[in-house]
Amino acid sequence: MTSAELRRRLIRPGLRAVPTPRANPFALGYLALLLGTTLYARFGDQDTVHRLQSLSSTDAHNLLVHPALSLVGSGLWVAGPVWMPYFWAFALTVAPLERRIGGLRALGVFGAGHIAATLLSQAVVVAAVAAGGAETDLLDAMDIGVSYGVLTSLGALAGLLGPTGRKVALGAGLALIGHQLLTDPDLITSVGHPAALGVGVALWPLLRGRGPRGPWRTRRARTARPVPVWGAQGRPKAAPAEG
């Protein structure tokens, strides 16, 4: 492979995939917000951090008392003290999705998955507690993070890729879910993670063939059709030739 072919096949596509503020304002802006809250969680007053995260948690109790606040607030934190894995998660899922459908629609996909997977997982928790299959403490278990939105973005992105890319994306999502089920079989995420990926797949019909510009329309070149010139007898006649 010559140097020109290397640049054309590998380097240039790789550079185009790097998130930039112009192409990925939503992904990079969200990552900056998560970086800020992660630094505050690490270096800020821990009592205040605990109160804020407890208020933001989407546990069943908070969803009953202040659902909007908890649904929005839970997406402002990362689950754990490390931010860098989320940079790569956004770079490989949210950013390429945003480049294909635009920032507002990427936000809609992310938010839809975050909300739907949260509500479904907490409904399962409530049902399990009511049936006696889980401890009542699970109703107040801390539930924050952006993994649902990331997995939904991955599932949605898979529908916009070719056959090979779609298999790789869905395989990666299933591998992440399987790893979580084997290493940390938590009821909430065991329901929420598959649900989030499924929401992304369910959005395929709404996202396919719709580009980032215009009201859900792709940028397609339209060929102009000749307009017939009607003669006196109501039959079309040829347009005059250009001189």
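Computed from a prediction, not measured in an experiment: that's the story for all the values here.
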Taking every non-hydrogen atom, the tightest pair across Leu154 and Ala172 = CD2-C, 4.5 Å
key: Joint hydrophobic cluster, Leu203 plus Ile101, side-chain heavy atoms closer than 4.5 Å   = yes
message = Counting C-beta onward and ignoring hydrogens, is there a side-chain heavy-atom pair between Leu39 and Leu35 closer than 4.5 Å?
response = yes
ask   = So, do Val201 and Leu170 sit near enough that their side-chain heavy atoms are less than 4.5 Å apart?
value = yes
task = Output yes when a side-chain donor or acceptor of Gln180 lies under 3.5 Å from a complementary backbone atom of Asp184, and no otherwise.
result = yes
Met142 vs Ile144 side-chain heavy atoms within contact, under 4.5 Å = yes
Verdict with reasoning, Leu197 to Leu174, per side chain to side chain contact (heavy atoms under 4.5 Å, CB included) = CA-CA 8 Å; Leu197 187 67; Leu174 293 175; 4.0 Å; yes
inquiry  = Under a 3.5 Å distance rule, please check whether Thr93 uses its side chain to pair with a backbone N or O of Ala89 as donor and acceptor.
reply    = yes
ask   = Between Leu139 and Asp59, is any pair of side-chain heavy atoms under 4.5 Å apart?
value = no
remark   = Output for pair (Glu135 CD, Leu138 CG), nearest 0.5 Å, gives 9.0 Å
task = Could you check if a side-chain atom of Thr37 sits within less than 4.5 angstrom of a side-chain atom of Val78, using non-hydrogen atoms only?
result = no
request  = Using the side chain to side chain contact (heavy atoms under 4.5 Å, CB included) rule, take Arg105 and Phe110 through it: C-alpha gap first, then chi angles, then the decisive distance, then the call.
outcome  = CA-CA 9 Å; Arg105 296 178 187 120; Phe110 191 98; over 6 Å; no
request  = Find out if a path of hydrophobic residues (ILVMFWY) with successive side-chain heavy-atom gaps under 4.5 Å connects Leu151 to Leu207.
outcome  = no
message = If you apply the rule side chain to side chain contact (heavy atoms under 4.5 Å, CB included), what do you find for Leu55 with Arg51, and how did you get there?
response = CA-CA 6 Å; Leu55 189 65; Arg51 286 197 299 270; over 6 Å; no
task = Answer whether the closest heavy-atom distance between the side chains of Phe87 and Leu34 falls below 4.5 Å.
result = no
task = Apply the test side chain to side chain contact (heavy atoms under 4.5 Å, CB included) to residues Leu161 and Arg100: give CA-CA distance (whole Å), side-chain angles for both, the deciding distance (0.1 Å), then the verdict.
result = CA-CA 10 Å; Leu161 302 175; Arg100 286 165 172 80; 3.6 Å; yes
request  = Assert yes or no for the condition that the ring centre distance of Phe26 to Tyr30 is strictly below 6.0 Å.
outcome  = yes
ask   = Hey, does the side chain of Asp186 reach the backbone of Thr189 with a donor-acceptor pair shorter than 3.5 angstrom?
value = yes
query = If you count the non-hydrogen atoms of other residues, nucleotides and ligands that lie under 6.0 Å from NE2 in His66, is the total more than 12?
reply = yes
query = Roughly how far, to the nearest 0.5 Å, is OG1 of Thr118 from CD1 of Ile188?
reply = 9.5 Å
task = Would you list the pairs meeting side-chain hydrogen bond (donor to acceptor under 3.5 Å, both in side chains) in which at least one residue belongs to residues 119-131, sequence neighbours left out?
result = Gln122-Asp143
key: Trp83 six-ring centre to Arg42 NZ/CZ under 6.0 Å and within 45° of normal   = no
message = Grouping I, L, V, M, F, W and Y whenever their side-chain heavy atoms are under 4.5 Å apart, do Val65 and Val72 come out in a common cluster?
response = no
task = Establish whether Phe43 and Tyr86 are linked, either directly or via other cluster members, by ILVMFWY side-chain heavy-atom contacts under 4.5 Å.
result = yes
query = Near Gln46 CD, under 6.0 Å, is it more than 12 heavy atoms from other residues, nucleotides or ligands?
reply = yes
message = Looking at every heavy atom in both Ala128 and Leu187, which two are closest together, and how far apart are they?
response = CB-CD2, 4.1 Å
ask   = Is there a side-chain contact between Leu160 and Trp204 (heavy atoms, below 4.5 Å)?
value = no
Closest non-hydrogen atom pair between Gly159 and Arg208, with its separation = O-NE, 3.0 Å
ask   = Taking the side chain as C-beta and beyond, is there a heavy-atom pair between Val109 and Leu97 under 4.5 Å?
value = yes
message = Quick one about Thr58 and His114 (side-chain donor to acceptor, distance below 3.5 Å, no hydrogens or angles considered), yes or no?
response = no
query = Taking all atoms of both residues into account, what is the closest heavy-atom pair of Leu28 and Pro21, and its distance?
reply = CD1-N, 3.5 Å
Over all atoms of both residues, closest heavy-atom pair of Ala195 and Leu120 = CB-CD2, 3.6 Å
message = With clusters defined by side-chain heavy atoms of hydrophobic residues (ILVMFWY) lying less than 4.5 Å apart, directly or transitively, does Leu76 cluster with Leu71?
response = no
ask   = Shortest non-hydrogen contact from Val94 to Ser153?
value = CG2-OG, 3.7 Å
query = Sequence neighbours excluded, which residues qualify as side-chain contact (heavy atoms from CB on, under 4.5 Å) partners of Leu104?
reply = none
query = Which residue pairs pass the ring pair (Phe, Tyr, Trp, His ring centres under 6.0 Å) test with at least one member in residues 141-166, sequence neighbours excluded?
reply = Tyr148-His193
